[in-house]
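This report concerns only the one structure given below.
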Amino acid sequence: MSNPEGFHINTPLLESMTMSKRAGTTVLLKMESSQPSGSFKIRGIGHLCQKVTQSGSKGVVCASGGNAGMATAYAARKLGIPATIVIPTSSPEIVVQKLKDQGAVVKIVGKVWDDANAEALRLVESESLTFVPPFDHPLLWQGHASIVQELKASLPEKPGAIVLSVGGGGLLCGVVEGLKEVGWENVPVLCMETVGADCFNAAIKAGKLVTLPDITSEAKCLGAKTVCRQAFDYSEEARLISEVVTDLEALEAVELFLDEERVLVEMACGAALAAVYSGLIQRLQGEGRLPRPLGPLVVIVCGGSSVDMAQLTHLKTVLRR
Ligand code: PLV
């Protein structure tokens, strides 16, 4: 169902029998992988692009691991303005062509996202482009919050918990805000990252924002070195559980999801799926950190465009060496 207020669609919420069996509770999949541009990012970025270009723009620029760039390129094409997307060398090659197909100018700068972002900020000054941040902006969070509005409209009861991936924390902030809007603020949110792209977990452990020395995970779209301040601040008021899985667990989740649900997603999304596939849900229940029995577990299938069979084969080789 298309949405009159934005570029995103109202995504399906699917019950997964196989994942429910694994988790020992009903698992509902919020299929953000079906969004135009391939991920949930279009919700926030579509909303932000509409607002920030209202009074005219020479073009937008976004630094991205891939998916924020895809969403920006898509929104810019719909708005009829040029888009420049800066991606780091660590992003897989496959995303470059997809960005070009959306009509974007692609620049490959720096090793990780933080380096690419410095270049995007430079272009804002030198080319007078409008900046589109991939995760750290209230308009993005407002757009992402529509996920929870849709859940509220289709679920008869509040979820037992929500599972999502954390990169820079934009999705997390949007979901927390959405939960507040619909009166579900006491629903626990399980925040998943991979080892080596775990800036949120590091911040929680340290009790303050932490900048990782490097991104060593293959889940490049989770690869922000520092989580946004708002995500960290929410960890003090919302019911957030931060957990980290290995790259191999995220990859295995991607493979199982493809096999069982017939949908191919990125490692960034595999991190969230691994909460079910690695047995983490039961472990958290055993530790008393999630209730047993648990109400419906909503997994946000954030999606991602930087994956195809060749990339999957590459990841298998790299991670199983
Ligand atoms: N990816 C951002 C940030 O990268 C990007 O530029 O595309 N799942 C997928 C498929 C994603 O692409 C991302 C973010 C996330 C989850 C995490 O979302 P966030 O950044 O809002 O926490 C460096």
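A quick note: this is a predicted structure, and the numbers were derived from the prediction, not measured. As the structure lists them, so they are numbered: ligands from 1, and atoms in each ligand from 1.
In terms of polar-atom proximity, defined here as any N/O pair under 3.5 Å, N67 does make such a contact with ligand 1. The distance criterion of under 3.5 Å between nitrogen or oxygen atoms is met by G170 with respect to ligand 1. By the 3.5 Å distance cut-off applied to N or O atoms, S64 is counted among the residues near ligand 1. Checked by distance only, ligand 1 and G65 come closer than 3.5 Å through their nitrogen or oxygen atoms. In terms of N/O distances under 3.5 Å, ligand 1 is not approached by G69. Looking at ligand 1, you won't find any N or O of P134 less than 3.5 Å from one of its N or O atoms. Residue contacts with ligand 1: G169 is placed with a nitrogen or oxygen under 3.5 Å of a nitrogen or oxygen of the ligand (distance criterion only).
A salt bridge links R320 with E255: at least one charged nitrogen is closer than 4.0 Å to a carboxylate oxygen. For the pair E177 and K180, the salt-bridge criterion is not met [side-chain N within less than 4.0 Å of a carboxylate O]. Between E260 and K21, none of the side-chain N atoms (NZ, or NE/NH1/NH2) sits under 4.0 Å from a carboxylate O, so this pair counts as no salt bridge.
Taking each heavy atom of L222 and E193 in turn, the nearest pair found is CD1-CA, 4.3 Å.
If you check which protein heavy atom lies closest to atom 18 (O) of ligand 1, you get F40 CZ, 3.4 Å. If you check which protein heavy atom lies closest to atom 4 (O) of ligand 1, you get C221 O, 3.2 Å. With hydrogens left out, the protein atom closest to atom 17 (C) of ligand 1 is G167 N, 3.4 Å, a heavy atom. When only non-hydrogen protein atoms are considered, atom 8 (N) of ligand 1 lies nearest to C302 SG, 3.1 Å. Remark: minimum distance from atom 9 (C) of ligand 1 to any protein heavy atom is reached at A268 CB, 3.8 Å. Nearest non-hydrogen protein atom to atom 20 (O) of ligand 1 is G168 N, 2.8 Å.
In this view, F200 satisfies the ring-ring contact (aromatic ring centres under 6.0 Å, His included) rule with no residue, not counting sequence neighbours.
S64 places no side-chain N or O within donor-acceptor distance of the main-chain N or O of I87, the cut-off being under 3.5 Å. Within the 3.5 Å criterion, the main-chain N or O of V301 finds no donor-acceptor partner in the side chain of E32.
Per-residue contacts place G303 under 4.0 angstrom from the following atoms of ligand 1 (heavy atoms of the residue considered): 10 (C). For ligand 1 and G66, the ligand atoms under 4.0 Å from any heavy atom of the residue are 6 (O), 7 (O). Atoms of ligand 1 found under 4.0 Å from any heavy atom of A68 (numbered from 1 in listed order, with element): 5 (C), 6 (O), 7 (O). Here is the list of ligand 1 atoms found below 4.0 Å of a heavy atom in V166: 22 (O).
Side-chain atoms of K152 and W184, non-hydrogen and from C-beta on, do get closer than 4.5 Å to each other.
Applying the ring pair (Phe, Tyr, Trp, His ring centres under 6.0 Å) test to pairs two or more places apart or on separate chains, those with a residue in residues 68-122 are W113-F135.
Atom-to-atom distance recorded for R292:CZ and L284:CG is 10.5 Å, nearest 0.5 angstrom. Here the CD-CG distance, from E15 to L29, works out to 9.5 Å after rounding to the nearest 0.5 Å.
Hydrophobic clustering (ILVMFWY, side-chain heavy atoms < 4.5 Å, transitive): I81 and I45 are in one cluster.
The shortest separation from a heavy atom of C269 to ligand 1 is not under 4.0 Å, leaving the residue out of contact. Within the 4.0 Å heavy-atom shell around ligand 1 one does not find L172.
Only the side chain of K41 comes within 4.0 Å of ligand 1, counting heavy atoms alone; its backbone N, CA, C and O stay farther away.
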